[in-house]
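One structure below.
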Amino acid sequence: QVQLVESGGGLVQAGGSLRLSCTASGLTFSTYTIGWFRQAPGKEREFVAAIIGSGISTKYEDSVKGRFTISRDNAKNTVYLQMFSLKPEDTAVYYCAAEWGAIFARGELYDYWGQGTQVTVSS
């Protein structure tokens with residue numbers, strides 16, 4: 001049974017930072033692309049960042065480039081999303097998802113999803 005568990009969310013002031021973690025079990029972690037998505041109240045889910053299984057390739061949504069960094073530790077079955085210079089518009093529930101193969105920004109191509117972690121950025 002595949003499980004993805006997010007952690008690290010919380011309340012932070014604008015300009016602050018947070019590091020989210022996504023820990024997976026039940027799959028051959030190093031063969032899966034892991035993506036981060038977010039959904040704000042009343043808005044559609046949007047792609048944030050993704051990293052291929054080997055870690056050598058990443059993809060970011062334009063609004064987070066230069067502020068967020070995605071990385072992974074395959075020995076710990078964990079992907080991290082380091083977020084700097086947070087803005088109120090980054091407030092959302094953040095989800096990680098797993099997909100076997102290439103990097104995609106389309107959520108419907110991901111096979112497994114976590115339950116999400118809330119990130120709230122106050123102004």
Side-chain angles (χ1 to χ4, degrees):
Q1 180 182 0
V2 176
Q3 280 193 314
L4 301 175
V5 179
E6 302 94 338
S7 61
L11 173 63
V12 64
Q13 288 188 331
S17 62
L18 281 174
R19 189 178 78 160
L20 305 184
S21 299
C22 172
T23 300
S25 60
L27 49 72
T28 305
F29 187 71
S30 62
T31 65
Y32 278 77
T33 289
I34 303 296
W36 284 98
F37 294 79
R38 65 187 180 186
Q39 188 165 21
K43 295 188 176 182
E44 293 188 353
R45 182 182 64 198
E46 66 172 351
F47 171 77
V48 176
I51 185 167
I52 202 167
S54 64
I56 63 172
S57 183
T58 59
K59 182 179 179 69
Y60 294 92
E61 193 269 331
D62 286 346
S63 71
V64 307
K65 285 181 181 176
R67 299 191 298 123
F68 292 9
T69 301
I70 190 169
S71 63
R72 66 190 297 156
D73 183 342
N74 285 346
K76 295 183 178 179
N77 280 16
T78 299
V79 166
Y80 304 99
L81 185 68
Q82 180 68 59
M83 306 185 293
F84 296 103
S85 302
L86 283 162
K87 305 174 181 180
E89 51 263 44
D90 294 317
T91 295
V93 178
Y94 283 70
Y95 300 90
C96 66
E99 179 267 324
W100 190 87
I103 289 180
F104 297 105
R106 291 169 54 192
E108 58 267 32
L109 296 177
Y110 285 73
D111 301 309
Y112 306 105
W113 290 82
Q115 295 300 306
T117 186
Q118 176 71 48
V119 172
T120 303
V121 184
S122 63
S123 57

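When reading the values below, keep in mind they use all heavy atoms of this one structure, side chains included, and skip hydrogens, waters and symmetry mates.
- Taking all atoms of both residues into account, the shortest heavy-atom contact from Ser122 to Leu11 is CB-CD1, 4.4 Å.
- Within a 6.0 Å radius of CD in Gln115, other residues, nucleotides and ligands contribute 12 heavy atoms or fewer.
- Looking at every heavy atom in both residues, Ile103 comes nearest to Ile52 through CD1-N, 3.7 Å.
- At least one donor-acceptor pair closer than 3.5 Å links the side chain of Asn74 to the backbone N or O of Gly53.
- Thr23 OG1 to Leu4 CG: the interatomic distance, rounded to the nearest 0.5 Å, is 9.0 Å.
- Put simply, CG on Leu81 and CZ on Arg38 are 9.5 Å apart, with the number rounded to the nearest 0.5 Å.
- Between Ala14 and Ser123, the shortest heavy-atom distance links the atoms CB-CA, 4.3 Å.
- The pair Asp62-Lys65 meets the salt-bridge criterion, since a charged nitrogen lies less than 4.0 angstrom from a carboxylate oxygen.
- Judged by distance alone, with hydrogens and angles left aside, the side-chain atoms of Arg72 form no donor-acceptor pair with the main-chain N or O of Ser54 at under 3.5 Å.
- Side-chain atoms of Thr117 come within 3.5 Å of backbone atoms of Gly9 as a donor-acceptor pair (strictly under, hydrogens ignored).
- Both Val79 and Val2 belong to a single network of hydrophobic side chains, linked directly or stepwise wherever heavy atoms of I, L, V, M, F, W or Y lie under 4.5 Å apart.
- Here CG of Leu18 is found 4.5 Å from CE of Met83. Values are rounded to the nearest 0.5 Å.
- The distance from atom CZ of Arg45 to atom CZ of Arg106, rounded to the nearest 0.5 Å, is 11.0 Å.
- Judged by distance alone, with hydrogens and angles left aside, the side-chain atoms of Thr91 form a donor-acceptor pair with the main-chain N or O of Val121 at under 3.5 Å.
- Atom CD1 of residue Ile51 and atom SG of residue Cys96 lie 13.0 Å apart, to the nearest 0.5 angstrom.
- Heavy-atom contacts from other residues, nucleotides or ligands closer than 6.0 Å to CD of Gln1 number 12 or fewer.
- Figure legend: Arg19 and Tyr80 shown as a cation-pi pair, the cationic atom lying under 6.0 angstrom from the six-membered ring centre and within 45 degrees of its axis.
- Under the 4.5 Å side-chain heavy-atom criterion for grouping Ile, Leu, Val, Met, Phe, Trp and Tyr, Phe84 is not connected to Ile70 through any hydrophobic cluster.
- Taking CZ of Phe68 as the reference point, atom CG of Leu20 lies at 8.0 Å (rounded to 0.5 Å).
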Using residues 24-33 as the side-chain source, report each donor-acceptor pair under 3.5 Å to any protein atom, sequence neighbours left out, with the distance given to one decimal.
residue, atom, partner, partner atom, Å
Thr31, OG1, Thr28, O, 2.8
Thr31, OG1, Trp100, NE1, 3.4
Thr33, OG1, Gly101, O, 2.5
Thr33, OG1, Ala102, O, 3.3

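- The shortest heavy-atom contact between Ala105 and Lys59 is CB-CE, 3.9 Å.
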Applying side chain to side chain contact (heavy atoms under 4.5 Å, CB included) to Ser71 and Gln82, what does each step give before you reach the verdict? CA-CA 8 Å; Ser71 63; Gln82 180 68 59; over 6 Å; no
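- For residues 35-67, every residue pair satisfying the ring pair (Phe, Tyr, Trp, His ring centres under 6.0 Å) rule, not counting sequence neighbours, is listed here: Phe37-Phe47, Phe37-Tyr110, Phe37-Trp113.
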